[in-house]
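Worksheet: one structure, shown below.
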There are 2 protein chains.
Amino acid sequence: MISGKFAITIHILTLLHKFPNDYLSSEYIAGSINLNPVLVRKEIANLKAHHIVESKEGKNGGTKLAVNAAELTLKQIFEMTFETIGLGFAKNQPNPDCPVGKNINQHLEVLYSEMNQNVSKQLEGISLEDFSNQF
Amino acid sequence: MISGKFAITIHILTLLHKFPNDYLSSEYIAGSINLNPVLVRKEIANLKAHHIVESKEGKNGGTKLAVNAAELTLKQIFEMTFETIGLGFAKNQPNPDCPVGKNINQHLEVLYSEMNQNVSKQLEGISLEDFSNQF
DNA sequence: TAAATTTGTAACATATTTTATTACAGTATG
DNA sequence: CATACTGTAATAAAATATGTTACAAATTTA
């Protein structure tokens with residue numbers, strides 16, 4: 001199972017970009033994603049921690065973009081919502097007495113690290129504005 | 001949570017490549033991965049369905065490679081164990097009355113499809129033999 | 001200043017996926 | 001014919017992701 005964090009976050013940011021002058025409520029955003037507002041607020045908390053959005057508490061409060069959408073890349077959003085991309089590891093520690101078991105994870109890490117560089121390069125070329133303007 | 005299928009499968013194949021003349025038992029392979037033998041057999045069933053390995057039942061049975069390791073690419077292994085790479089989707093159907101909700105998944109699919117092409121290209125350049133010879 | 005609305009967050013519940021275990025029929029070997 | 005495997009089903013346990021409820025704190029506006 002892969003978490004929907006990236007998808008949810010980019011959905012939130014696209015909405016914020018569409019209404020640059022408004023503070024959107026978690027309730028409103030949740031209505032577009034069809035998600036519980038608490039989960040929206042959790043992703044917003046993450047975005048706030050990275051200074052991508054700012055929010056205002058209280059009546060008529062909500063959240064708005066705090067950065068230039070042309071300068072925020074999908075790579076940054078990726079890094080805020082995923083540790084890294086990859087094809088996974090076996091859950092248990094492999095047998096250290098087996099030459100393959102002993103080194104497999106290290107080799108997988110190298111492979112996945114190359115995948116990340118690859119994907120990062122792609123995502124670096126797309127801004128939130130680019131993404132949002134498709135709609 | 002990301003499944004360990006790819007990692008387990010490549011571990012199995014690396015072991016088989018190291019012992020090209022032997023039928024390795026699921027018990028033995030499981031000992032290297034530190035995994036339940038039944039799960040090893042399930043991945044082997046998948047490999048068999050793709051004609052990558054062959055196995056022999058009964059005493060002294062087991063599994064061995066059925067293809068040339070120089071010609072089996074990590075891309076093929078990836079495709080046998082993952083549908084596709086990507087950064088996920090929100091679980092629920094987004095609001096079709098919202099212009100963003102209506103189209104977000106379609107745009108994400110395009111993005112992920114590009115990621116797949118990108119990663120596939122990378123994995124296509126690495127054979128099982130290449131991978132295994134690192135050990 | 002009181003009512004209304006919203007964020008922030010904790011605590012807990014449910015759902016889904018992944019991994020593990022048990023069991024046993026069937027098959028080949030020696 | 002005993003042994004040691006595969007193949008597979010059924011079930012359980014663990015891990016992760018999502019959902020819900022609740023409420024304090026903040027801010028607006030009447």
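Sequence lines set the chain letters: A, B, ... in the order given, protein chains first and strands last, and positions in each chain run from 1. Everything numeric here is computed off the predicted structure, so don't read it as measured data.
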Of the nucleotides [options], which has the atom closest to the [X] side chain?
X	options	result
K42(A)	dG19(D), dT28(D), dT21(D)	dG19(D)
S25(B)	dT6(D), dT29(C), dT19(C)	dT6(D)
A45(B)	dT29(C), dT8(D), dA20(C)	dT8(D)
K91(A)	dA10(C), dT19(C), dA25(D)	dT19(C)

For a quick check of understanding: with a heavy-atom distance under 4.0 Å over all strands, which category does [X] fall into, base, sugar-phosphate or nothing?
X	result
G58(B)	base
K5(A)	nothing
T63(B)	nothing
N36(B)	base

Exercise for the section: Evaluate the side-chain proximity of I85(A) to N116(A): yes if any heavy-atom separation is below 4.5 Å, no if none is. Expected result: yes
Handout entry: 4.5 Å side-chain heavy-atom contact, S113(A) and E109(A)
Key = no
Exercise for the section: Give a yes/no answer on whether the side chain of S55(A) brings an N or O atom under 4.0 Å of OP1 or OP2 in dT7(C). Expected result: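 No, because none of the side-chain N or O atoms of S55(A) sits under 4.0 Å from OP1 or OP2 of dT7(C).
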Practice task
Using only side-chain N and O atoms of S3(A), determine if any of them is under 4.0 Å from OP1 or OP2 of dT16(D).
Solution key: no
Problem - 5' precedence on DNA chain D between K48(B) and N60(A) (nearest-nucleotide basis) - result: K48(B)
Completion exercise
Residue pair R41(A)/V38(B) against DNA chain D: nearer the 5' end by closest nucleotide is V38(B)
[atom1] of [X] versus [atom2] of [N]: gap in Å, rounded?
X	N	atom1	atom2	result
N34(B)	dA20(C)	CG	C1'	12 Å
L39(B)	dG7(D)	CG	P	14 Å
I29(B)	dG7(D)	CD1	P	11 Å
Y23(B)	dT27(C)	OH	C1'	14 Å
N46(B)	dT6(D)	CG	C1'	16 Å
E43(A)	dG8(C)	CD	P	13 Å
K64(A)	dT6(C)	NZ	P	18 Å
K59(B)	dA2(D)	NZ	C1'	8 Å

For [X] against [Y], the heavy-atom pair lying closest together:
X	Y	result
H17(A)	S132(A)	ND1-OG, 2.6 Å
A30(B)	N36(B)	CB-C, 4.2 Å
Y23(B)	N60(B)	CB-O, 4.3 Å

Handout entry: I8(B) vs K56(B), nearer the 5' end of DNA chain C by closest nucleotide
Key =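 It is I8(B) whose nearest nucleotide is closer to the 5' end.
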Problem - Heavy-atom neighbours of E27(B) CD exceed 12 at 6.0 Å - result: no
